[in-house]
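Some notes on the structure that comes next.
When a ligand or atom number is given, it counts from 1 through the structure's own listing order. For clarity, every value in this text was computed on a predicted model and none was experimentally measured.
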Amino acid sequence: MAKVMMVASEAAPFAKTGGLADVLGALPAALVRQGMSASVVIPKYKGLHPAGVEKVMTDLPVYINNFRHRVDVWRLRRDGVAFYFVDAPWFFDRDGIYSSYGTDFMDNHLRFAVFSLAALAIARELEQPDILHAHDWQAAMALIYAKCWFWNDPRLEHLKHVFTIHNLGYQGRFGQQALWELGLDGLQFHPEFLEFYGDVNLMKGAIVAADQITTVSPTYAREIQTAEHGFGLDGLLRSRSNKLTGILNGVDYADWNPATDKLLPANYTPEDLEGKAACKRALLEAMGFGAEAHARPLIGVVSRFAEQKGFDLLEPIGDVLMQEDVTVVALGSGEPHQEWIFHDLSTRYHDKFRVWHGFNNGLAHLIEAGSDMFLMPSRYEPCGLNQIYSLKYGTPPVVRATGGLDDTIEESTGFKFGEYSPAALLGALRHVLQCFRDRDAWLERMRLGMAKDFSWDRSAAEYVALYDRLLGR
Ligand code: ADP
Ligand code: GLC
C-alpha cells in the first residue's frame with residue numbers, strides 16, 4: 001500500500017482561508033478510500049487544539065543556521081488520515097495565518113521553512129512515506145530542503161516528490177537575504193533553481209525540485225504555460241510540461257450537499273425544492289432586507305476579495321446593474337480596493353446590495369443555498385470550488401470561462417462569458433436575468449446542475465495513478 005504524506009498550510013476543518021483547505025480536508029480521505037495510506041502536516045495555529053489531538057513528539061531537531069527551533073508535534077486521526085500539527089509557538093501562535101490586519105508577517109519565509117523542516121522530520125521519524133506531496137509555496141521548502149540537505153539521508157532518499165500548484169499568483173518571493181535566512185547558499189541561487197529576477201522564489205524552487213508537478217484543473221495546466229497566466233514562470237513550466245498534469249479538484253459532498261447540510265435552516269433536493277425558498281428568505285433576512293426583496297432574483301457572491309477574482313469588472317457597471325430588478329449579497333474580505341468596490345455599492349444601493357465583510361462558513365453555505373445565481377467573474381481561476389458547490393445547491397453559476405471555471409461549467413448548467421471586460425460581464429448578467437424569467441427552463445438548468453457529480457473519488461483515482469507511475473508500480 002503506497003503511503004503519501006501531504007504538506008500544506010491549510011486543511012479544513014482545522015485552518016482555512018480558501019479552497020486549499022477544502023482540498024487538504026477531503027483529498028487524503030478519498031485516497032484512503034482508494035486503498036492508500038495518507039497523512040497531512042499543517043502548522044498548529046493559535047487556538048488550534050481539536051478534541052482528541054495528542055502530542056507525539058517533543059522538541060524535534062529542526063536546525064537552520066545552527067539555531068535549533070523549538071518544535072513539538074501533535075497528531076489526530078480522522079477518517080483514516082493522520083493529521084500532524086507542527087507546534088512552533090514562536091512562529092504560529094499569532095492572530096492570523098499569513099497576515100495580521102492586512103499585512104503579511106515579515107518572517108513568513110522563515111515560518112514556513114521551520115514548518116517544512118518539521119514535516120521532513122515527521123516523514124523521517126514517524127511516517128516514512130513513499131511520496132512527499134507539497135502544496136503551494138508555503139510547503140515548497142519541504143521539497144527544496146529534501147533536495148539540498150537530505151538527498152542522501154537513508155530514511156528520505158527514496159522519497160518521490162510531488163508539488164501541486166493551487167495558485168501561481170502566490171509564489172513565495174523574497175529578497176535575496178532570505179537565502180541566507182533559510183540556511184541556503186549561493187550554490188542554490190541561480191536561474192535554474194531559486195533565483196528569479198534577483199529574488200528568491202520558493203515556488204520556482206519546488207517546481208524544479210519536484211518529480212511531478214500538478215495543478216488543479218486541466219485548463220489551468222495549459223494556461224500557466226502561457227505568458228498571460230504564467231506569472232513569469234511560464235517558460236520554466238513549458239520546459240517541464242512532460243511532468244505537469246492538471247487534475248480537477250473534487251467536492252466533499254459530506255460538507256456541501258443541500259439535502260443534508262446542517263448549516264442551513266431547511267434542506268432540499270432536486271425533487272423537492274421548497275427548502276431552497278426557505279433558505280432564500282433566511283438569507284435575505286440575515287442580510288437585513290425587507291419583504292420586497294423576495295420576488296427579485298438574488299445574485300450571491302462568496303469570495304476572497306483578491307484581484308484574481310475579477311470583481312473590478314463590477315466597478316464600472318455597478319450603477320447600471322443596480323437599475324435592474326435584482327438583489328446582490330456578497331461575503332468576503334481581502335484587498336482594500338476590492339473591499340471598497342463592495343462597500344461603495346452597498347452604501348449607495350443599500351436596498352439592493354449588501355456585503356458581509358469577513359470569514360463566515362455558515363453564511364457561505366446559506367449564500368450557496370439561498371441565492372438564485374452565483375457570480376464568479378474571475379480574471380484567472382486555477383480550479384474554483386464555489387461554482388461547483390453552486391451547481392449542487394441549484395444556484396446556477398455565472399462564470400468567466402477561465403481555468404477550472406471553464407472545465408466545470410457548461411451552458412446547460414450555468415453561464416459563461418469569455419472576454420475579461422465590464423461590458424462582457426454586464427451582457428452576461430442581463431442574459432442571466434432574462435433567462436431567470438423562464439421558470440421552467442430555469443428549473444431544468446438547476447436540476448441538471450444538481451445532478452452533476454464532482455465527488456473526490458474520480459480525482460483521487462487520478463492521483464493514485466500518478467503516484468503509482470512515480471513509484472514504478
Ligand atoms: P480560493 O481558494 O481561490 O479562495 P475556491 O473557490 O477554490 O477559491 O475556494 C474558496 C473556499 O473558501 C470555498 O470553500 C468558500 O466557501 C470559502 N470562502 C471564501 N471566502 C469565504 C468567506 N469570506 N467566508 C467563508 N468561506 C469563504
Ligand atoms: C486556490 C485557487 C482555487 C482553487 C483552490 C484549491 O486557492 O485560487 O481556484 O480551487 O486553490 O485548489
N/O to N/O under 3.5 Å, ligand 1 against protein:
| unit_1 | atom_1 | unit_2 | atom_2 | d |
| --- | --- | --- | --- | --- |
| ligand 1 | 2 (O) | G19 | N | 2.6 |
| ligand 1 | 3 (O) | R304 | NH2 | 2.8 |
| ligand 1 | 3 (O) | K309 | NZ | 2.7 |
| ligand 1 | 4 (O) | R304 | NE | 2.7 |
| ligand 1 | 6 (O) | L385 | N | 2.9 |
| ligand 1 | 6 (O) | N386 | N | 3.4 |
| ligand 1 | 7 (O) | L385 | N | 3.3 |
| ligand 1 | 8 (O) | K309 | NZ | 3.2 |
| ligand 1 | 9 (O) | G19 | N | 3.2 |
| ligand 1 | 14 (O) | K16 | NZ | 2.8 |
| ligand 1 | 14 (O) | D22 | OD2 | 2.8 |
| ligand 1 | 16 (O) | N386 | OD1 | 3.2 |
| ligand 1 | 23 (N) | G358 | O | 2.8 |
| ligand 1 | 24 (N) | N360 | N | 2.9 |

Legend entry - Among P382, G384, G19, closest by any non-hydrogen atom to atom 10 (O) of ligand 2: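 Nearest heavy atom to atom 10 (O) of ligand 2 lies in G384.
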
Inset, instruction - Would you tell me which option among R304, E10, E381, H166 has the nearest heavy-atom contact to atom 12 (O) of ligand 2? - result: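 Looking at heavy atoms only, H166 sits closest to atom 12 (O) of ligand 2.
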
Inset, instruction - Select one of side chain, backbone, both or neither to describe which atoms of N167 lie under 4.0 Å from any atom of ligand 2, heavy atoms only. - result: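 Side chain only.
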
Inset, instruction - Check each heavy atom of D22 against ligand 2 and say whether those closer than 4.0 Å belong to the side chain, the backbone, both or neither. - result: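 D22 to ligand 2: no contact under 4.0 Å from either part.
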
Legend entry - Numbered atoms of ligand 2 (with element) below 4.0 Å of V23, judged on heavy atoms: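 Selected atoms, number and element: 6 (C), 12 (O).
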
Inset, instruction - Find all atoms of ligand 2 within a distance of less than 4.0 Å from any non-hydrogen atom belonging to V216, and give their numbers and elements. - result: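 This gives 12 (O) as the contact atoms.
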
Legend entry - Contact list for residues 238-262, test salt bridge (charged side-chain N to carboxylate O under 4.0 Å, His left out), sequence neighbours left out: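 For residues 238-262: D234-R238.
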
Legend entry - Listed once per pair and sorted, the side-chain hydrogen bond (donor to acceptor under 3.5 Å, both in side chains) pairs that draw on residues 13-24, sequence neighbours left out: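 For residues 13-24, and leaving out neighbouring residues, the side-chain hydrogen bond (donor to acceptor under 3.5 Å, both in side chains) pairs sorted by first residue read E10-T17, K16-D22, D22-Y389.
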
Inset, instruction - Output all residues satisfying side chain to side chain donor-acceptor pair (under 3.5 Å) with T219, sequence neighbours left out; order by chain, then residue number. - result: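 T219 satisfies side chain to side chain donor-acceptor pair (under 3.5 Å) with R222, D407 only.
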
Inset, instruction - Check whether NZ of the Lys or CZ of the Arg K44 lies under 6.0 Å from the centre of the six-membered ring of W74 and within 45 degrees of that ring's axis. - result: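 Yes, K44 and W74 form such a contact.
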
Legend entry - Any side-chain donor near an acceptor of the partner, K452 and T408, under 3.5 Å: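 The criterion, which ignores hydrogens and geometry beyond distance, is not satisfied for T408 and K452.
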
Inset, instruction - Identify whether the distance between the nearest side-chain nitrogen and carboxylate oxygen of D199 and R173 falls below 4.0 Å. - result: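 Result for this pair is yes, salt bridge flagged.
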
Inset, instruction - Flag the pair K309 and E381 as a salt bridge only when some basic side-chain nitrogen lies within less than 4.0 angstrom of an acidic carboxylate oxygen. - result: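 Yes, charged N to carboxylate O under 4.0 Å.
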
Inset, instruction - Please check if atom CZ in R458 has more than 12 non-hydrogen atoms from other residues, nucleotides or ligands closer than 6.0 Å. - result: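 Incorrect, the count does not exceed 12.
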
Legend entry - Heavy atoms from other residues, nucleotides or ligands near CD of Q34 exceed 12 (cutoff 6.0 Å):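 Yes, CD of Q34 has more than 12 neighbouring heavy atoms, counting only those of other groups under 6.0 Å.
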
Legend entry - Minimum-distance protein heavy atom relative to atom 8 (O) of ligand 2: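 Nearest protein contact, heavy atoms only, for atom 8 (O) of ligand 2 is Q308 NE2, 3.0 Å.
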
Legend entry - Polar proximity ligand 2 side, C383 side, N/O cut 3.5 Å exclusive: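 C383 vs ligand 2: N/O contact under 3.5 Å present.
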
Inset, instruction - Run through Y98, F112, Y170 and flag the one making a ring pair (Phe, Tyr, Trp, His ring centres under 6.0 Å) with W137. - result: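 That would be F112; it is the only one of Y98, F112, Y170 passing the ring pair (Phe, Tyr, Trp, His ring centres under 6.0 Å) with W137.
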
